[in-house]
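Shown next, in structure tokens, is the structure this report addresses.
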There are 2 protein chains.
Amino acid sequence: MTDLNNDIFKTIDPDRRGTTSEEVISQLREMIHRGDLRPGDRLPPERDLAKLLGVSRPTLRAGIRSLAAVGVLQSRQGAGTFVVKADGPPSLDSSPLRLMASLHGFTSAEMFEARQALEMAVAGLAAERATGDQMASMAEEVTGMFASLNDPEQFLVHDVRFHQTVAAASGNRILTSLMNMVATILFDTRIKTVKRATDLKESAEMHRHVYRAIREHDPEAARHAMSAHLSKAQRAWEAEAQETSEAGGDDSNNSDGNGNGAGLAP
Amino acid sequence: MTDLNNDIFKTIDPDRRGTTSEEVISQLREMIHRGDLRPGDRLPPERDLAKLLGVSRPTLRAGIRSLAAVGVLQSRQGAGTFVVKADGPPSLDSSPLRLMASLHGFTSAEMFEARQALEMAVAGLAAERATGDQMASMAEEVTGMFASLNDPEQFLVHDVRFHQTVAAASGNRILTSLMNMVATILFDTRIKTVKRATDLKESAEMHRHVYRAIREHDPEAARHAMSAHLSKAQRAWEAEAQETSEAGGDDSNNSDGNGNGAGLAP
DNA sequence: AATCGTTAAATGGTTAGACCTTTAAGTACG
DNA sequence: CGTACTTAAAGGTCTAACCATTTAACGATT
């Protein structure tokens with residue numbers, strides 16, 4: 001191969017601090033921090049990159065895998081390894097939080113509470129900053145909810161999209177990411193609840209209240225409306241959960257590589 | 001070796017969905033979800049576990065590495081691989097968020113805003129639920145701040161501990177984890193700001209206001225006090241940043257394996 | 001007998017090379 | 001011009017070693 005301008009890949013010195021693979025991770029991280037690697041970029045082939053960094057291929061792969069696990073890199077067999085390209089809103093992998101929830105026995109109440117806190121914050125910010133387009137999207141989703149009162153699955157689609165639109169309107173991608181992270185974990189729960197929900201109409205109404213508060217640029221009202229909506233949703237879920245008694249069991253089995261379970265995108 | 005009761009490790013069938021290593025990850029995740037693996041547990045040696053799962057050692061290592069990257073497992077050479085034991089509050093690795101921040105160019109303003117939202121939520125909950133012990137700890141840290149007005153570094157230690165105590169008092173470990181995640185990233189920034197802060201006294205006062213609101217079980221006051229405190233801190237940082245003009249440069253080089261930069265524990 | 005130093009086994013970390021599977025691009029054929 | 005086949009490239013997996021570190025057992029010394 002021709003020797004490219006690969007000065008950006010510095011050979012790893014043996015005077016490293018930790019293990020070799022950790023050093024590889026640091027190298028790649030620094031390249032991302034510095035901007036040498038940008039979203040969508042493709043990394044050199046593993047065999048070449050391993051030589052450039054002065055490590056073996058398995059060691060390089062170990063580093064790549066670590067970064068892939070946190071959602072920064074993505075490898076596709078036959079194609080190459082790429083820096084993750086964020087089409088829509090940046091998304092943090094929710095599986096770490098999911099694992100931690102299992103590990104420490106987080107209660108659903110905590111999850112709901114965290115989601116409520118995040119959604120309230122996001123709604124308040126959205127009320128301050130939402131653009132006309134964003135408000136139009138919200139109105140559209142609310143309309144979609146009212147149009148899907150007899151189709152719970154479709155209703156949930158509009159529900160999710162509404163919340164994501166509000167999050168986007170907040171203008172804070174970090175809060176949006178965190179909210180999605182928590183919401184994704186609760187999604188499995190929600191889909192069960194909404195399936196026999198008899199009061200989709202009330203839910204749609206509450207969403208409309210949120211929308212109206214945002215449209216009126218009233219942060220406090222938006223926060224309260226959102227809070228009321230989620231409190232109601234939580235109560236509905238709790239009633240459902242109690243009804244199903246201890247049947248419960250496996251709420252997981254959502255084991256698709258990364259933890260981005262449901263289609264939360266467009 | 002004797003064949004233990006290792007029925008919990010099911011051999012991976014070739015009728016797997018994705019790649020082999022992904023299947024290994026799913027296996028381990030399920031074992032954690034099911035509770036077969038608990039915090040502090042040690043996994044079988046790689047060579048044995050690879051045989052039990054019916055995969056090669058590199059493949060098994062790939063799976064382990066993925067879970068280690070998200071903070072669920074921890075390998076120590078010579079000792080073994082363990083399920084992470086949470087001493088204090090469960091902690092999410094902040095490096096994913098840090099990388100995403102670099103990747104998408106998150107502004108510090110967004111970071112501050114996210115932190116403010118989380119801290120406000122946490123303060124409000126703490127006002128509702130803080131126990132006597134927790135309030136005593138808060139008071140202690142506030143006292144420590146007033147006692148360290150001439151020692152910025154020591155002041156920051158009390159500052160961090162105060163916020164963590166409040167988070168713990170919120171009773172919501174998810175919000176606490178998310179807050180720590182964001183706060184960790186901002187820590188490097190904070191240490192620079194506080195070092196020449198001339199108004200540590202004012203900062204201490206504001207912390208005391210937060211404490212008093214929590215002591216009085218006044219969530220709204222606690223939220224406002226916390227908000228005011230963080231707004232002030234952000235303004236101080238912005239002034240500092242503007243003063244330092246474009247000097248900025250590398251705010252990274254925090255490359256210790258995991259991204260838990262500062263000592264936030266004790 | 002108790003303690004400390006040495007040694008050996010266990011365990012994760014790394015390397016090497018080969019082969020397989022998938023992807024994507026190039027090329028020939030219709 | 002477009003489709004289908006071929007082929008090179010790239011990641012995924014495997015085997016088989018060897019290295020580095022940690023732990024624990026063992027024995028010599030006090």
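None of these values were measured; they are calculated from a predicted model. Here is how names work: the chains are called A, B, and so on, in the same order as the sequence lines, proteins then strands, and each is numbered from 1.
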*asked:* Is there a side-chain contact between B:R57 and the phosphate of C:dT11, meaning an N or O under 4.0 Å from OP1 or OP2?
replied: no

_Taking only side-chain N and O atoms of B:T59, does any of them lie within less than 4.0 angstrom of OP1 or OP2 on D:dC14?_
yes

_Rounding to an integer number of Å, can you tell me how far B:D48 CG sits from C:dG12 P?_
9 Å

_Rounding to an integer number of Å, can you tell me how far A:F82 CZ sits from C:dT23 P?_
12 Å

*Give a yes/no on whether any side-chain N or O of A:S21 is located under 4.0 angstrom from OP1 or OP2 of C:dG13.*
no

*With sugar-phosphate meaning primed atoms plus P, OP1 and OP2, does A:P58 contact a base, only sugar-phosphate, or nothing at under 4.0 Å between heavy atoms?*
base

*Between B:E46 (CD) and D:dT22 (P), how many Å, whole number?*
16 Å

*Could you give the CD-to-P distance, from A:E23 to C:dT15, as a whole number of Å?*
12 Å

_Does atom CD (A:Q134) have a neighbourhood of more than 12 heavy atoms from anything else shown, all under 6.0 Å?_
yes

*Roughly, in whole Å, what's the span from CZ in B:R76 to C1' in D:dT21?*
11 Å

*Do A:S21 and B:R65 get their side chains close enough for a donor-acceptor pair, meaning under 3.5 Å?*
yes

*Choose from D:dC18, D:dT22, D:dC14 the nucleotide whose nearest atom is closest to any side-chain atom of B:A79.*
D:dT22

*Quick one: are A:L49 and A:L43 in side-chain contact, heavy atoms under 4.5 Å?*
yes

*Taking side chain as C-beta onward, heavy atoms only, is B:L53 less than 4.5 Å from B:V24?*
yes

*Side chains of B:S170 and B:N172: donor-acceptor distance under 3.5 Å anywhere?*
no

*Between B:T81 and C:dG12, is there a side-chain N or O to OP1/OP2 distance below 4.0 Å?*
yes

*Side-chain N or O of B:S75 less than 4.0 angstrom from OP1 or OP2 on C:dT11?*
no

*Considering just the side-chain nitrogens and oxygens of A:R42, establish if one lies under 4.0 Å of OP1 or OP2 belonging to D:dA10.*
yes

_Between P on D:dT13 and CZ on A:R65, what's the gap in Å once rounded to a whole number?_
7 Å

*Below 4.0 angstrom from OP1 or OP2 of D:dG12, is there any side-chain N or O of B:T19?*
no

*In whole Å, what is the span from the CZ atom of A:R47 to the C1' atom of D:dG12?*
10 Å

_Proximal nucleotide (of C:dG13, D:dA10, D:dT13) relative to the B:R61 side chain_ = C:dG13

*Over how many whole Å does the gap from B:Q77 atom CD to D:dT21 atom C1' extend?*
5 Å

